[in-house]
Amino acid sequence: MLKAIFKIFYQFPKITGFLGFLLTFLVTQFLTLKDYQLILSQEEIETREMLNSIEKNISSGLNYAFAATRTLAFLEENYGTLDNFEEIGSAIIKNQPYLDAIQLLEQGEIVAVYPLEKNEKALGLDILQSPHLRTEALIALDKSNIYFAGPLELTQGGQAIVGRYPIYKDDEFWGFSACIIRMETFEEMIGLTQELTGRFYFQFSKINPNTLREEFFLPETDEDFSGRKESLVLDIGDWKLSVQLKESKAFKSVYFLGVLRLVFAFILGFVSWYLAFLPSLLRKKINRQTRKLKKSNERFYYASQATSEAIWDWNLSTGYVYRTENFEKLFGHPRNKYTDNNLFWNEMIHPDDRALVLSRVKALIHSDKNHWEHQFRFKKSDGTYAYVLDKVVVIRDKNGKAIRVIGASQDVTEAVEAQQNLEKMGQELEKRARDLELSNAELEQFAFKASQDLQEPLRMIRSFLKLIERKYEAVLDANGKQYIHYAIDGSERLKKIILDLLEYSKAENIGLKEHFSLNETIEEVKFLLKAQIQETNAIILFDPLPVIHASKIAMRQLFQNLISNAIKYRSENKTPVINLDWHENEEYWFFKITDNGIGIPKKFQDKVFLVFERLHPQEKYSGTGLGLSICKKIVENHDGSISMTSEPGQGTIFYFSIKKKMTSL
């Protein structure tokens with residue numbers, strides 16, 4: 001069938017040329033389409049990255065507002081601030097670069113504002129009685145968290161975003177702490193430059209909760225842009241942020257390349273047409289040589305059947321290796337699986353014999369000798385090794401250069417095994433020594449890898465910041481370069497946060513399930529926390545723990561976080577004592593970890609598993625607020641649940657369960 005098709009191609013050159021053009025055209029234009037789609041994808045990624053960058057700028061700026069309102073709320077709840085509000089307000093504003101003013105509201109009435117200058121008109125305003133301010137104030141009260149209203153018109157003049165945080169005293173609503181970010185400050189926070197606005201169109205909008213109509217806060221345009229558009233919603237104020245690439249360059253980028261590929265298709269079609277005239281003479285020569293080769297192969301085939309050895313023929317010019325059917329009978333490998341003799345020897349010869357065999361083969365090829373034999377171990381298809389005696393003849397050209405190597409492989413395993421029985425004891429001792437060396441090497445590799453992994457996040461931060469500084473040096477102003485300098489200086493403080501974030505992100509993927517003993521896991525945790533345990537004289541008590549089927553790495557992280565917290569939040573006048581208990585039923589393992597630490601007040605107990613939720617000042621207890629969030633994610637990914645009970649001054653108990661037969665990985 002195939003020969004008939006080729007015959008048609010030779011007989012009809014025009015058809016051959018047309019098909020050559022058509023196939024080339026389809027392939028090249030398909031590549032052009034892929035290039036076009038790739039550029040579109042890159043533009044989509046660029047637009048999304050720009051959107052994320054602006055969103056990060058907004059989130060970073062609003063974090064200052066969040067910190068300021070929470071600080072003011074904390075001070076009011078615990079100490080009262082009206083008597084020295086100007087001093088407190090000055091201290092808060094001084095440390096928050098994107099805040100224009102802060103306010104204190106009793107119920108809904110503004111009773112204090114800093115700075116007072118130019119904000120006097122705001123005093124006495126009751127936002128809960130104002131129709132256009134009441135709705136978003138109630139949203140903040142309903143969320144029991146900061147909520148940013150606006151942009152809205154201020155009583156004292158101008159437009160601003162107002163963040164309000166509810167204040168409770170004795171579990172009763174008292175009022176709000178609030179911060180004001182004027183629109184001029186907000187636009188500076190976003191960081192829109194002329195270069196960015198030249199390439200992208202930015203819009204910031206919100207559904208007015210009173211009119212239910214979408215309001216836009218950045219300049220609008222009637223232009224119809226062709227580039228990718230991306231949007232996201234900022235929950236902290238229910239704002240919609242949109243970024244659109246003004247012009248897509250995908251079509252312009254591939255137009256010229258598409259034309260060149262079309263020309264190439266025409267050229268290849270012409271070449272195909274031209275070559276269709278030439279094969280007749282060549283075809284006759286090939287047929288004649290094919291008949292001769294067929295007869296030669298028949299003679300070789302019958303000769304190989306007369307021996308029990310596997311005969312092979314290695315063409316050094318092409319690297320191709322031919323093997324007889326006895327090769328498959330003796331060793332089980334398909335004889336056509338390996339056509340490159342070097343690859344064949346590298347994979348199948350026993351590692352202990354490989355170097356010597358390869359060196360002797362290389363020496364034979366570059367010598368003037370024509371015969372060679374050697375014994376080595378050869379891997380069979382079932383994974384066992386057979387002892388093989390290889391006898392080789394080298395064929396050379398008139399200049400003495402080796403051009404072919406022909407060999408016969410004989411299985412001599414039975415003879416060799418008789419000798420090996422006498423040396424078995426010595427081989428076992430050698431094997432134990434090799435195993436010990438391998439174990440030591442693995443321990444060294446583990447120590448090296450662990451050290452590198454712990455340093456890698458910090459190196460990555462510094463490397464990327466320096467890369468940004470070099471690549472965008474012409475774009476960055478003096479402030480930008482100074483910010484990068486500050487970031488590099490602060491990389492050590494970021495190291496812990498980055499490591500915890502990596503652990504939190506990896507907690508989503510629990511990894512491979514396996515059977516393992518939790519006793520071994522707890523011993524690993526004790527080793528990792530050795531410094532903390534010795535420093536505090538902590539005592540960890542547990543009865544023999546079960547063998548479970550779960551992710552070993554995730555379980556180690558879970559127990560390490562809980563035990564580390566129990567040691568960290570210890571009572572100053574007590575030796576830390578941590579008890580581990582467990583029981584099981586048909587579906588779950590249940591665990592309980594009890595400590596005698598400082599405990600957690602009841603009003604904070606529902607927040608301990610939230611991401612970045614910290615209950616203590618950084619200067620007293622270090623951390624990022626991710627430890628228990630990671631624990632929660634690990635447990636839930638094992639189809640379990642986690643909870644806790646605590647009494648201040650008495651200690652804390654964490655309960656969690658792990659399902660025995662998980663529904664997914």
Side-chain angles (χ1 to χ4, degrees), residues 2-3 278-279 281-382 384-416 419:
L2 187 60
K3 185 180 292 185
L278 303 179
L281 181 61
L282 180 60
R283 186 167 61 252
K284 292 179 181 179
K285 292 182 178 180
I286 291 175
N287 289 338
R288 185 166 58 251
Q289 294 298 327
T290 300
R291 288 192 295 270
K292 291 181 179 180
L293 182 60
K294 183 177 180 181
K295 291 181 180 179
S296 176
N297 287 339
E298 288 178 352
R299 288 193 292 269
F300 179 78
Y301 172 78
Y302 290 116
S304 65
Q305 296 300 308
T307 178
S308 60
E309 299 175 343
I311 300 174
W312 49 271
D313 184 354
W314 178 16
N315 188 323
L316 297 179
S317 299
T318 64
Y320 180 82
V321 180
Y322 171 83
R323 296 183 178 85
T324 62
E325 292 180 355
N326 283 345
F327 174 81
E328 187 170 345
K329 294 178 182 178
L330 288 175
F331 307 117
H333 298 291
R335 62 193 184 104
N336 293 325
K337 183 177 180 181
Y338 298 94
T339 58
D340 186 330
N341 200 63
N342 290 324
L343 179 61
F344 167 75
W345 274 354
N346 286 337
E347 291 189 3
M348 294 301 144
I349 295 179
H350 195 283
D352 294 343
D353 302 336
R354 185 182 303 145
L356 179 60
V357 174
L358 295 179
S359 65
R360 290 191 175 182
V361 170
K362 183 177 180 180
L364 173 66
I365 292 174
H366 292 89
S367 70
D368 57 355
K369 298 180 180 180
N370 295 327
H371 294 86
W372 171 78
E373 69 177 60
H374 188 71
Q375 180 177 296
F376 54 89
R377 286 167 287 181
F378 179 84
K379 189 176 182 180
K380 300 170 69 173
S381 63
D382 60 2
T384 61
Y385 282 92
Y387 283 87
V388 173
L389 179 62
D390 235 356
K391 298 181 180 180
V392 171
V393 174
V394 181
I395 300 176
R396 304 179 184 275
D397 61 14
K398 61 181 180 180
N399 297 320
K401 179 182 178 181
I403 57 175
R404 290 172 64 190
V405 179
I406 300 175
S409 301
Q410 181 181 2
D411 187 347
V412 294
T413 302
E414 293 182 359
V416 173
Q419 179 65 26

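All values below were derived from every heavy atom in this structure, side-chain atoms included, with hydrogens, water molecules and symmetry-related copies excluded. Fair warning: this is a prediction, and the values are worked out from it, not measured in the lab.
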side-chain contact (heavy atoms from CB on, under 4.5 Å), that's the test. Do H371 and V392 meet it? Break it down for me. CA-CA 6 Å; H371 294 86; V392 171; over 6 Å; no
Nearest-0.5 Å distance, CG of residue D390 to CZ of residue R360: 12.5 Å
Taking the side chain as everything from C-beta on, heavy atoms only, tell me whether E373 gets closer than 4.5 Å to L389. yes
Taken to the nearest 0.5 Å, the spacing of K401 NZ from I365 CD1 works out to 11.0 Å
Report, as yes or no, whether the 6.0 Å neighbourhood of atom CZ on R396 holds more than 12 heavy atoms from other residues, nucleotides or ligands. yes
Any chance you could measure K369, atom NZ, to L364, atom CG, to the nearest 0.5 Å? 8.0 Å
Which heavy atom in V357 sits nearest to a heavy atom in F376, and how many Å separate them? CG2-CB, 3.8 Å
